Number of protein chains: 2
Amino acid sequence: MAPSAPLTAERILEVTEDVLRRHGPAKATVVDVARELGVSHGSVYRHFRTKAALREAVTKRWLDRTTERLAQVVDGPGDASAKLRRWLSELFAAKRRKAGDDPQLFATYSVLTGELSDLVDQHIDELVGQLTVIVEEGARTGEFATGDPAVTARAVFVATALFHDPRHAGMWSREGIEEQFGEVCALLLRGLRQG
Amino acid sequence: MAPSAPLTAERILEVTEDVLRRHGPAKATVVDVARELGVSHGSVYRHFRTKAALREAVTKRWLDRTTERLAQVVDGPGDASAKLRRWLSELFAAKRRKAGDDPQLFATYSVLTGELSDLVDQHIDELVGQLTVIVEEGARTGEFATGDPAVTARAVFVATALFHDPRHAGMWSREGIEEQFGEVCALLLRGLRQG
DNA sequence: CAGATGACAAAATTTGAAATCTGTCAGTCA
DNA sequence: TGACTGACAGATTTCAAATTTTGTCATCTG
C-alpha cells in the first residue's frame with residue numbers, strides 16, 4: 001500500500017480524534033490509530049513519545065480551536081461592555097455547539113480534560129488573558145470601574161463557570177438556560193460598570 | 001444478642017453513613033449495613049424498599065444538614081447585603097469544611113449526588129428559595145434594584161457555582177481561592193445594589 | 001541514513017467462572 | 001400480631017487467567 005501522504009503529527013492527530021470519537025477515551029488505543037493510518041504503531045511513537053503525550057496533543061488542539069475563535073471577538077469592534085457580552089456568549093455558544101453536535105466526542109474530551117488539569121489550567125489562563133484585555137479596555141475608557149483587571153477578569157470567568165465548564169454540560173440543554181445566562185451576564189456587567 | 005435499641009430508619013441511616021465512609025459508594029452493601037447493625041439484611045429492607053432508596057435517604061439527610069444551617073442566616077440579623085454575603089460565605093465554608101475534614105465521606109457523597117440529580121435539584125431549589133427571601137428583603141428596603149427576586153436569586157446561585165458545586169471541590173484548596181470568592185461576591189453585590 | 005517495521009517484555013485490560021449481593025417472601029419468634 | 005429471619009432466584013461483582021496494549025529497539029528498506 002503506497003503511503004498516500006507522509007506521516008505527519010497533524011495527520012496523526014486528525015486520525016486520533018476520529019478514533020476517539022468512535023471508540024471513546026477508554027478503548028481508543030495507539031494500535032487503533034496506527035491501523036487507521038495504515039502504519040505500524042512504532043511509527044506513531046516516532047511522533048509522540050507516549051500515549052499520554054498523544055492524548056494531550058489532541059486535547060490541546062481541541063481547546064485551541066475555541067481560543068482562536070474567541071481571539072477574534074477580542075480584536076473585533078464594539079465597546080468593552082458589548083465585547084465582554086459577546087465574548088461570553090460566543091464561549092457559551094461554542095461549548096453548547098460542541099456538546100450538542102457531537103455528544104460522543106464531547107464526552108470523550110470531557111474525560112480527557114478531566115485527566116489533564118495542567119493543560120486545562122493553561123487553557124483557562126489564556127481565556128482569562130483575553131478577558132483581561134477586554135476589562136483593561138473598559139477601565140481605560142472609563143466604562144468599567146475595577147481594581148486589577150486580571151483579578152476582575154478571573155472573577156467574571158469564575159462566575160460564568162456553569163456556562164463553559166464541561167462538568168455542567170448537563171445544564172446546557174435545560175429549559176430557560178439562555179435566560180439564566182442573560183441574567184448572570186447582566187448582573188456581572190452592572191457590577192462592572194460602576195465603582 | 002439483645003437488641004440495644006429498636007431498629008429505626010434514623011439508626012439505619014447513621015450506620016449507613018458510617019459504612020459509606022469506610023467502604024466508599026461502590027463497595028458499601030446493604031449486607032454490610034445489616035451486619036454492622038447486628039440484624040439480617042431483610043430487616044433493613046423493611047425500612048427502605050430498595051438500596052437506591054436507602055442511598056437517597058442518607059444523601060438527603062446530608063444535604064439537609066447544610067440547608068438547616070443556612071436557614072439560620074436567612075432568619076438572622078443584618079441588612080440584605082450583609083446577609084447575602086454571609087449566606088454565600090457560610091455555604092462556601094460549610095462545603096469546604098465537609099471536603100477538608102472528611103475527604104473520604106465527601107468523595108462518597110459527591111458520587112451519590114452525581115447519581116441523584118432529582119434530589120439535588122430539589123436541594124438547589126430549597127437553597128435558591130432561601131436566597132430569594134434575602135433578595136426580596138433587599139428589594140423591599142430599596143437596597144437592591146432587581147426584577148423578579150427568584151430569577152435574580154438563581155443568577156447569584158449559578159454565578160457562585162464554583163464555590164459550592166462539589167465538582168469544583170478541587171479548586172477549594174487552591175492558593176487565593178478566598179480572594180476569588182470575595183471578588184465574585186463583591187461583583188455580584190455591586191450589580192445587585194443599583195438598577 | 002531517515003523513516004518505518006515488528007518482535008518483545010512489562011503493564012494494563014478483558015473475560016468468564018465463582019462468589020456475593022439485591023430484593024422477595026414464607027415462615028419464626030416474642 | 002408485627003418485627004425479624006434466612007433461603008432463594010436473578011443480578012451484579014470479584015478475581016485470576018488469558019489477551020491485548022504500551023513502549024523499546026535491533027533490524028530493515030528506499
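All heavy atoms count here, side chains included; hydrogens, waters and symmetry mates do not. Order of the sequence lines sets the chain letters (A, B, ...), proteins ahead of strands, with each chain counted from 1. This one's a predicted model, so the numbers in the text were calculated from it and none came from an experiment.
Expressed to the nearest 0.5 Å, how far OH of B/Tyr109 lies from CZ of B/Arg61 amounts to 6.5 Å. Between A/Phe92 atom CZ and A/Ile177 atom CD1 the span is 5.0 Å, to the nearest 0.5 Å. With rounding to the nearest 0.5 angstrom, the CG atom of A/Leu13 is 12.5 Å from the CG atom of A/Asp18.
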Apply the test side chain to side chain contact (heavy atoms under 4.5 Å, CB included) to residues B/Trp87 and B/Val74: give CA-CA distance (whole Å), side-chain angles for both, the deciding distance (0.1 Å), then the verdict. CA-CA 7 Å; B/Trp87 190 92; B/Val74 177; 3.9 Å; yes
Apply side chain to side chain contact (heavy atoms under 4.5 Å, CB included) to residues B/Phe48 and B/Glu56 and explain how you reach the verdict. CA-CA 10 Å; B/Phe48 297 95; B/Glu56 184 167 331; over 6 Å; no
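The nearest whole Å value for the distance from the CZ atom in B/Arg55 to the P atom in C/dC21 is 14 Å. Rounded to a whole Å, the CZ atom of A/Arg35 is 7 Å from the P atom of D/dT21. For A/Arg11 and C/dA4, the CZ to P distance is 14 Å, given to the nearest whole Å. Separating the CG atom of B/Leu7 from the C1' atom of D/dT5 is a distance of 13 Å, rounded to the nearest angstrom. Separating the NE2 atom of A/His23 from the P atom of D/dT21 is a distance of 10 Å, rounded to the nearest angstrom.
Test A/Lys95, A/Arg69, A/Arg85 against A/Glu90 for side-chain hydrogen bond (donor to acceptor under 3.5 Å, both in side chains) and you get one pass: A/Arg69.
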Please write out the pairs of protein N or O atoms and N or O atoms of nucleotides 14-18 of chain C separated by less than 3.5 Å, giving the distance to one decimal.
none

Sort me out a list of protein N/O and nucleotides 5-12 of chain C N/O pairs below 3.5 Å, or just none if empty.
from, atom 1, to, atom 2, distance (Å)
C/dT5, OP2, A/Ser40, N, 2.9
C/dT5, OP2, A/Ser40, OG, 3.2
C/dT5, OP2, A/Ser43, OG, 2.5

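The shortest non-hydrogen separation linking A/Arg55 to A/Leu116 is O-CD1, 4.2 Å.
Of the residues near DNA chain C, A/His47 and B/Tyr45, the one whose nearest nucleotide (by heavy atom distance) lies more toward the 5' end is A/His47.
Looking at the side chain of A/Lys51, the nearest of the listed nucleotides D/dG23, D/dC4, C/dC21 is D/dG23.
B/Val30 comes within contact range of the sugar-phosphate backbone alone, with a heavy-atom separation under 4.0 Å but no base atom that close.
Using a 4.5 Å heavy-atom threshold, the side chains of B/Arg154 and A/Glu183 count as separate.
A donor-acceptor pair under 3.5 Å is absent between the side-chain atoms of B/Gln180 and the main chain of A/Val158, judged by distance alone.
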